[in-house]
A.B. asks: 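One structure is given below, represented as structure tokens, and several questions about it will come after.
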Amino acid sequence: MDYQFKEIEQKWQQYWAEHRTFRADTTSNKPKYYVLDMFPYPSGAGLHVGHPLGYIASDIFSRYKRLKGFNVLHPMGYDSFGLPAEQYAIQTGQHPAVTTEANVATYRRQLDQIGFSFDWSREVRTSDPAYYKWTQWIFMQLFNSWYNLETNKAEDISTLIEKFNAAGNSEVKAVCDEDTLDFMPSDWANFSEEEKQTELLKYRLTYLKESTVNWCPALGTVLANDEVKDGFSERGGHPVEQKKMMQWSMRISAYAERLLQGLDAIDWPEPIKEMQRNWIGKSVGASVKFSVARGASSGAVPDADRQTQCDIEVFTTRVDTIFGVSFIVLAPEHELVAHLTTDGQRSSVENYIAQTKKKSELDRMADTKTVSGAFTGSYVINPVNQEKVPIWIADYVLAGYGTGAVMGVPSGDQRDWLFATHFNLPIIQILDAQKDIAIEADATKQGKYINSGFINGLSYAEAIAKLNDWLVEEKVGRPKVNYRMRDAIFGRQRYWGEPIPVYFKDGLPYLINEEELPLVLPEIDKYLPTESGEPPLGRATDWTYDNEYEYELSTMPGWAGSSWYWYRYMDAHNNDAFASEEAVAYWKDVDLYIGGAEHATGHLLYSRFWNKFLKDLGHVQEEEPFKKLINQGMIQGRSNFVYRIIDSEGKGTNQFVSYGLRKDFKTSALHVDVNIVENDVLNIEKFKAFRPEFAAAEFILENGRYVCGVEVEKMSKSKFNVVNPDDLIRSYGADTLRMYEMFLGPLEQSKPWNTNGIEGVFKFLRKFWRLFHNEEWAFHVNDSIPSKAELKALHKIIKKVQDDIERFSFNTSVSSFMIAVNELTDLKCKNRQVLEDLVIVLSPYAPHICEELWSLLGNENLSTATYPTFNPEYLAEDTFAYPISVNGKMKMNLDMSLALDENGVRELVLANEQVKGYLEGKEPKKLIFVKGKIVNIVV
RNA sequence: GCUCAGAUGGUGGAACUGGUAGACACGCAGGACUUAAAAUCCUGUGCCCUUUAAAGGCGUGCGGGUUCGAUUCCCGCUCUGAGUACCA
């Protein structure tokens, strides 16, 4: 029979499901290998062709590893909490759980028909209470932990309390809030329960913190940055304001250094590591206190406050330039600004602050050219030389980074230089190697210091060391490492997320009992915030702890459930632990993780954080969760256009002109559904049915066809360029889709989707099928002894595919399969032995057709087969058609024995008549010979 | 602006450590089979010159360099894509 992909694919998908073929087994004595895909959010739009790209690659890898004798864990699940389901619920009143369930069913159906070898018995859904029980449990562990900088790991909060009991907090080295009290053991003992809890909260790894959020009063809700555009909500266009709010936060900053160091040990793409390094943003420098000078300038009456001692702390990476400071700049939002502003400067400072507030964050960042700022009227004393230096405010200083204050050194920093030049502030040269500081700043670290008091004559390294010691000695500063990364906000004022297992008593948060987990999401009448502006959970009735205390009304953010899910797959149905100790000990970590690069600083960073935390507590074994990471490229949409002719009045007509002829007319381009276009040629009949208004359309054709225009855009419904895998599977089958997606190009490269070449892959599979059949489509192989040529073709592909898969070059193996099948077809190979091995080698790519042929060959269960061993002997050659080049230009090929050495080759080459012709009687100066590669004659 | 990735025929791409550029496909052209179409098969297909062939010239974004030899290494530039945002 001809290749009947529909029957074959259905049959084997059913077989795999019934036989639980891909169930991973924790008791196996084979080596383990864990292949993980980033699990999808089940959106209402279903799967598009971009999704499976990574899944196909990981599936090929998993199937290959099974053939290579590994015990492979290859699971799949759903990141099923999220905003779109909630949005939909608000609009329709449908419970998000219901729509999510329906979407999951669609995804499952679509995934199943591609023939993935997932172990579905381990499926997880983050919105399942049996799953989020453990997300909540991890939250509780974080709440009950603090970060000990002495042991450099998280510890149970009880060890902190012991320290408080024994010695108060002066000796405690912890990552904590900045406003901790100083207390002695006796103080601690006398603290009330509330005071103790308040203090402990400042050390807990998850804690409450006042944060600024985008608050939209009209919608009564907090918005993500994405949902705000130019100060207005994207939905509805209502004004959005900044509002301070108590929010749950995760002390990820405690792990900054370990997150940074850990990158060196993992096999990830360098650009992703670089992104994480930048995100963590380590800078080494010093923090220096500048004390505010008493009595401000311009005859202003100093108020009583200003008389009190007050310091401005700055962070700098160039403490060596401190003698060159000619001004200090605070962020306009800095808390001391109002306090420091003199009456004389008040109006201009307030003006400036008002202006800054008006600028959107984007404007403020985009405009690096305009210099702006305002003088506060106050001064600080530079601690190193007692110089009086003016305090300014400017919006280039950010409140959120460092201390929100910088020292201005115009000779060494171009931005400071521009500021000083604009406002006429002094520019002091500090290094003898600095040049042309009248024209621009020179940030050199070369040369010796000048105009720099006690560091005059020193080099950069000497100066830094001396200053750091001096700062500590004089108690005006210290060396400091600063990280850009800030703690992660861990609450959302939404419904469709994990409830936070916390209740409030006397305004303080307490954990619920572990036995009470999961804290199940309560039913509510509407998915909107309450009238008083509380999160949707405020609508729940009879939802209190112990019938008394109010629960936390925020839910966890989207990244909570995805920050540990790979462990759940190890032991998905465990009710007593997130995964059993034995399961974690067996599977350990993810060997290969495939997913999109867009998660570089979100999911991939948070996951590493939670993993390190769980490691500190002894719940998991590895410091890093994902050993190797591969990013698949984004599949873009390829939009097609038709060109409607515009009449003299500017109105669209009924006529459409083909792409090549559109220049002769006035036209407007219209998106046309890519599914009615083939190889950029429009199917006119389908187009007429596309929309009623096109039913009577007329066409100006070129070469008898209507050619469409093309543009690469993001895949989206509104652009009619979404390609759904279902249609392709219907016309070509899953095996063709799988191979075609791989054939498209390198996995990691982003590329537009186009189906132009899919026929070629389909033809290949038919040709492959025909290898096993005779002219009448009857199954036909023989048991003859394989010829040398057949074995050569086979072993070439055995080696090629294994090399390709191991370097994730899937596109090149598809080409090689085509070559192998072409060769074997030409050889009229019907040999059972050869074809059987070929089936195994191809099976990771096209599993259905291979299972069918495998069973026709009389075998059972292809996934338990063994990948054939490559034998280099079959590829060995006696002779080689050496390319002969003259002066580096290839001229001809000459067959010569591979046994020949340079002298033998030289003799043969120079004696050759054709070569003589090329030399035109000239004496060769030199002959380059690379064995098995090339001969080059230099004249 | 900075960082990273990339640029190869009409198209997707191949060439893995510097050694025959354009594998494999798509498309296109021509042919076979067919009443016809589909399917299948065969041939050709980087560009230029040439009636054809042989032969030749030019060719991996642009300009240089290293080398017997460069798509590959180095320097400078242009463009495209992604990320990031005044980080003190």
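Every value quoted in this text rests on a predicted model; they were computed, and no experiment measured them. Chain naming here is simple, since letters A, B, ... match the order of the sequence lines and numbering starts at 1 in each.
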A.B. asks: Base, sugar-phosphate, or nothing: which does Met890(A) touch, judged by heavy atoms less than 4.0 Å apart?
C.D. replies: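 Base contact - Met890(A) has a heavy atom under 4.0 Å of at least one base atom.
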A.B. asks: For atom P, what is the distance between rG30(B) and rU66(B), given to the nearest Å?
C.D. replies: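 About 50 Å, rounded to a whole number of Å.
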A.B. asks: Let me check I have this right: for RNA chain B, each base becomes ., (, ), [, ] or |, based on Watson-Crick or G-U pairs with both distances under 3.5 Å. What is the full string?
C.D. replies: (((((((..(((......[....)))((((((.......))))))(((.......)))..(((((..]....))))))))))))....
A.B. asks: Mind calculating the distance between CD1 (Ile635(A)) and P (rG81(B)) to the nearest angstrom?
C.D. replies: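 After rounding, the reported distance stands at 18 Å.
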A.B. asks: Using a 4.0 Å heavy-atom cut-off, does Lys925(A) contact any base of the nucleic acid, only the sugar-phosphate backbone, or nothing at all?
C.D. replies: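 The answer is nothing, as Lys925(A) stays clear of every strand by at least 4.0 Å.
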A.B. asks: Please tell me whether Glu313(A) and Thr403(A) have a donor and an acceptor in their side chains that are separated by less than 3.5 angstrom.
C.D. replies: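 Absent: no donor and acceptor within the cut-off.
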A.B. asks: I'd like to know whether Arg766(A) forms a salt bridge (charged side-chain N to carboxylate O under 4.0 Å, His left out) with Asp2(A), so could you lay out the CA-CA distance, the side-chain angles of the two residues, the decisive distance to 0.1 Å, and finally the verdict.
C.D. replies: CA-CA 8 Å; Arg766(A) 291 188 58 166; Asp2(A) 196 353; 3.1 Å; yes
A.B. asks: Tell me which of Ala881(A) and Arg770(A) sits closer to the 5' end of RNA chain B, going by the nucleotide each one is nearest to.
C.D. replies: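 Mapping each residue to its closest nucleotide by heavy atoms, the 5'-most match is Ala881(A).
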A.B. asks: When all nucleic acid strands are considered with a 4.0 Å heavy-atom cut-off, which category describes Phe817(A): base, sugar-phosphate, or nothing?
C.D. replies: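 The answer is nothing, as Phe817(A) stays clear of every strand by at least 4.0 Å.
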A.B. asks: Apply salt bridge (charged side-chain N to carboxylate O under 4.0 Å, His left out) to residues Glu741(A) and Lys751(A) and explain how you reach the verdict.
C.D. replies: CA-CA 11 Å; Glu741(A) 290 224 10; Lys751(A) 55 226 151 193; over 6 Å; no
A.B. asks: To the nearest Å, give me how far apart CH2 (Trp392(A)) and P (rC86(B)) are.
C.D. replies: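 From Trp392(A) CH2 to rC86(B) P: 22 Å.
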A.B. asks: Enter syn or anti for the glycosidic conformation of rG9(B), syn applying to angles within 90° of 0.
C.D. replies: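 What rG9(B) shows is a syn base, its glycosidic angle lying within 90° of 0.
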A.B. asks: May I ask you to check whether Ser809(A) and Thr812(A) show a side-chain donor-acceptor distance below 3.5 Å?
C.D. replies: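 Thr812(A) and Ser809(A) do have a side-chain donor-acceptor pair below 3.5 Å.
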A.B. asks: Reckon Lys763(A) has a side-chain N or O less than 4.0 Å from the OP1 or OP2 of rC26(B)?
C.D. replies: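 Yes.
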A.B. asks: What distance, rounded to whole Å, do you find between the two P atoms, one in rG1(B) and one in rG69(B)?
C.D. replies: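 Looking at atom P only, rG1(B) and rG69(B) are 38 Å apart.
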A.B. asks: Roughly how far apart, to the nearest Å, are rU67(B) and rC79(B) at atom C1'?
C.D. replies: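 One C1' to the other, the span is 29 Å.
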A.B. asks: With sequence neighbours left out, what residues match Phe870(A) under ring-ring contact (aromatic ring centres under 6.0 Å, His included)?
C.D. replies: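 Phe870(A) satisfies ring-ring contact (aromatic ring centres under 6.0 Å, His included) with no residue once adjacent residues are dropped.
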A.B. asks: Could you go step by step and tell me if Asp803(A) and Lys799(A) meet the salt bridge (charged side-chain N to carboxylate O under 4.0 Å, His left out) rule?
C.D. replies: CA-CA 6 Å; Asp803(A) 290 353; Lys799(A) 168 138 176 50; 2.7 Å; yes
A.B. asks: Roughly, in whole Å, what's the span from NZ in Lys889(A) to P in rG57(B)?
C.D. replies: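 Checked: the NZ to P distance equals 8 Å.
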A.B. asks: Distances under 3.5 Å only, N/O to N/O: pair up the protein atoms with those of nucleotides 32-34 of chain B.
C.D. replies:
none

A.B. asks: Are there more than 12 heavy atoms of other residues, nucleotides or ligands under 6.0 Å from atom CD of Glu270(A)?
C.D. replies: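 Counting neighbours around CD of Glu270(A), more than 12 heavy atoms of other residues, nucleotides or ligands fall under 6.0 Å, so yes.
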A.B. asks: Rounded to whole Å, how long is the line connecting atom CG of Asp395(A) with atom P of rC87(B)?
C.D. replies: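 The distance from CG of Asp395(A) to P of rC87(B) comes to 13 Å, rounded to the nearest Å.
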A.B. asks: Given Ile272(A), which partner from the list Leu263(A), Ile266(A), Thr601(A), Leu629(A) fulfils the side chain to side chain contact (heavy atoms under 4.5 Å, CB included) test?
C.D. replies: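 Single side chain to side chain contact (heavy atoms under 4.5 Å, CB included) partner of Ile272(A) among Leu263(A), Ile266(A), Thr601(A), Leu629(A): Leu629(A).
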A.B. asks: List the residues meeting ring-ring contact (aromatic ring centres under 6.0 Å, His included) with Tyr845(A), not counting sequence neighbours, and say none if there are none.
C.D. replies: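 For Tyr845(A), the residues satisfying ring-ring contact (aromatic ring centres under 6.0 Å, His included) (neighbours in sequence not counted) are Phe817(A).
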A.B. asks: Applying side chain to side chain contact (heavy atoms under 4.5 Å, CB included) to Trp279(A) and Arg484(A), what does each step give before you reach the verdict?
C.D. replies: CA-CA 7 Å; Trp279(A) 187 265; Arg484(A) 193 187 88 114; 3.2 Å; yes
A.B. asks: Heavy atoms under 4.0 Å, any strand shown: does Asn822(A) hit a base, just sugar-phosphate, or nothing?
C.D. replies: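 Sugar-phosphate, backbone atoms only, no base.
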A.B. asks: Measure the distance from CZ on Phe743(A) to P on rC26(B) and round it to the nearest whole Å.
C.D. replies: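 Interatomic distance, CZ of Phe743(A) to P of rC26(B): 8 Å.
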A.B. asks: Taking only residues two or more places apart in sequence, or in another chain, which ones meet Phe743(A) in a ring-ring contact (aromatic ring centres under 6.0 Å, His included)?
C.D. replies: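 By the ring-ring contact (aromatic ring centres under 6.0 Å, His included) rule, Phe743(A) matches no residue at all.
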A.B. asks: What residues, two or more places apart in sequence or in another chain, satisfy side chain to side chain donor-acceptor pair (under 3.5 Å) together with Asp416(A)?
C.D. replies: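 Checked Asp416(A) against side chain to side chain donor-acceptor pair (under 3.5 Å); matches are Tyr396(A).
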A.B. asks: Taking side chain to side chain donor-acceptor pair (under 3.5 Å) as the test, write out the residues that go with Gln749(A), two or more places apart.
C.D. replies: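 Side chain to side chain donor-acceptor pair (under 3.5 Å) check on Gln749(A) returns nothing, list empty.
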A.B. asks: Say you pick atom C1' in rU80(B) and the same atom in rC16(B); how far apart are they, in whole Å?
C.D. replies: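 Pairwise C1' distance, rU80(B) against rC16(B), rounds to 26 Å.
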A.B. asks: If you only use heavy atoms from C-beta on, which nucleotide in rC58(B), rU84(B), rA88(B) is closest to the side chain of Arg484(A)?
C.D. replies: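 Shortest atom-to-atom distance from the side chain points to rU84(B).
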A.B. asks: Quick one, which residues of residues 268-278 of chain A touch RNA chain B with a heavy atom under 4.0 Å?
C.D. replies: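 Pro271(A), Met275(A) - these, ordered by number, are the residues of the stretch whose heavy atoms sit under 4.0 Å from the strand.
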A.B. asks: What distance, rounded to whole Å, do you find between the two P atoms, one in rC74(B) and one in rA7(B)?
C.D. replies: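 Those two atoms are separated by 14 Å.
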A.B. asks: Using a strict heavy-atom distance below 4.0 Å, which residues from residues 322-329 of chain A are in contact with RNA chain B?
C.D. replies: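 Per residue number, the list is empty: none.
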A.B. asks: Using the side-chain heavy atoms of Arg766(A), tell me which of these nucleotides is nearest: rU40(B), rC24(B), rC26(B).
C.D. replies: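 From the listed options, rU40(B) comes nearest.
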A.B. asks: Expressed in angstrom and rounded to an integer, what is the separation of Met634(A) atom CE from rG81(B) atom P?
C.D. replies: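 That distance rounds to 12 Å.
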A.B. asks: Of all residues at least two apart in sequence or in a different chain, which pass the ring-ring contact (aromatic ring centres under 6.0 Å, His included) check with Trp753(A)?
C.D. replies: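 Here the qualifying residues are Tyr740(A).
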A.B. asks: Over how many whole Å does the gap from His422(A) atom NE2 to rC86(B) atom P extend?
C.D. replies: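 Rounded to whole Å, this separation is 20 Å.
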A.B. asks: How would nucleotides 14-19 of chain B be written as a contact map, 5' to 3', with B for base contact, S for sugar-phosphate-only contact and - for no contact, using protein heavy atoms under 4.0 Å?
C.D. replies: SSB--B
A.B. asks: When you match Phe315(A) and Lys926(A) each to their closest nucleotide on RNA chain B, which lands nearer the 5' end?
C.D. replies: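 Nearest nucleotide further toward 5': that of Lys926(A).
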A.B. asks: Pick the C1' atom in rC28(B) and in rU34(B), then give their distance to the nearest Å.
C.D. replies: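 These two C1' atoms come out 23 Å apart once rounded.
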A.B. asks: Taking the basic N atoms (NZ, or NE/NH1/NH2) and the acidic carboxylate oxygens, is any pair closer than 4.0 Å for Arg318(A) and Asp413(A)?
C.D. replies: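 No salt bridge links Arg318(A) with Asp413(A).
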A.B. asks: What residues form a side chain to side chain donor-acceptor pair (under 3.5 Å) with Lys289(A), not counting sequence neighbours?
C.D. replies: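 With sequence neighbours excluded, Lys289(A) shows a side chain to side chain donor-acceptor pair (under 3.5 Å) to no residue whatsoever.
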A.B. asks: Are there over 12 heavy-atom neighbours, none belonging to Arg486(A), within less than 6.0 Å of that residue's CZ?
C.D. replies: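 Open.
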A.B. asks: For the residue pair Asn482(A) and Lys282(A), confirm or rule out a side-chain donor-acceptor distance under 3.5 Å.
C.D. replies: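 No, no side-chain donor-acceptor contact under 3.5 Å.
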A.B. asks: If I take atom CZ in residue Arg415(A) and atom C1' in nucleotide rG1(B), what distance separates them, rounded to the nearest angstrom?
C.D. replies: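 So the two atoms are 13 Å apart, to the nearest Å.
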A.B. asks: rC73(B) and rG83(B): how far apart are their P atoms, nearest whole angstrom?
C.D. replies: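 Per the computed distance, 26 Å lies between those P atoms.
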